[in-house]
Amino acid sequence: MADVPPDLEWTRAAPPDATGPGPWIEIAFGEGDDGDAPVYLRETSAPDNVVTTNRRKWDAFVLGVQAGEFDHFVEGVPGPDDAAG
């Protein structure tokens, strides 16, 4: 993609003991430190498909996750501490 800087430092959102290719979500922060600074997201299985937002929206999303606003999306989904089988 032409508008995604080639030198971004991607951070993978994966459990510390995760092995293998995922797929995992990766995030990179663009230049700037204000609310309009770009934030990039991609999935490791499709790294050329990059979604862009800004820091203000990203920070609001993170606060919502911390507050439990999205917990209803994972109701009934087994967590990493649930026994398999």
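Because only heavy atoms are used, hydrogens play no part in the values below, and waters and symmetry mates are left out as well, while side chains stay in.
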Please walk me through it: do Gln66 and Val62 pass side chain to side chain contact (heavy atoms under 4.5 Å, CB included)?
-> CA-CA 6 Å; Gln66 290 173 334; Val62 169; 4.1 Å; yes

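The cluster map of Ile, Leu, Val, Met, Phe, Trp and Tyr, joined by side-chain heavy atoms under 4.5 Å apart, puts Phe61 and Tyr40 in different clusters. If you chain together hydrophobic residues whose side chains sit under 4.5 Å apart, Val74 and Ile25 never meet in one group.
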Let me check something: any side-chain donor-acceptor pairs from residues 9-24 under 3.5 Å, sequence neighbours excluded? List them with distances.
residue: Arg12; atom: NE; partner: Glu26; partner atom: OE2; Å: 3.2
residue: Arg12; atom: NH2; partner: Glu26; partner atom: OE2; Å: 2.9

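To the nearest 0.5 angstrom, Lys57 atom NZ is 11.0 Å from Thr52 atom OG1. We find the CZ-CD1 distance between Arg42 and Ile27 to be 12.0 Å, quoted to the nearest 0.5 Å.
Not counting sequence neighbours, the partners of Asp36 by the salt bridge (charged side-chain N to carboxylate O under 4.0 Å, His left out) test are Arg56.
Remark: Asp34 CG is packed, more than 12 non-hydrogen atoms of other residues, nucleotides or ligands lying under 6.0 Å away.
The aromatic rings of Phe73 and Phe70 lie parallel to each other, with less than 30° between the two planes, well short of the 60° mark.
Of the options Val4, Leu41, Asp3, Leu8, a side-chain contact (heavy atoms from CB on, under 4.5 Å) to Val50 is made by Val4 and by none of the others.
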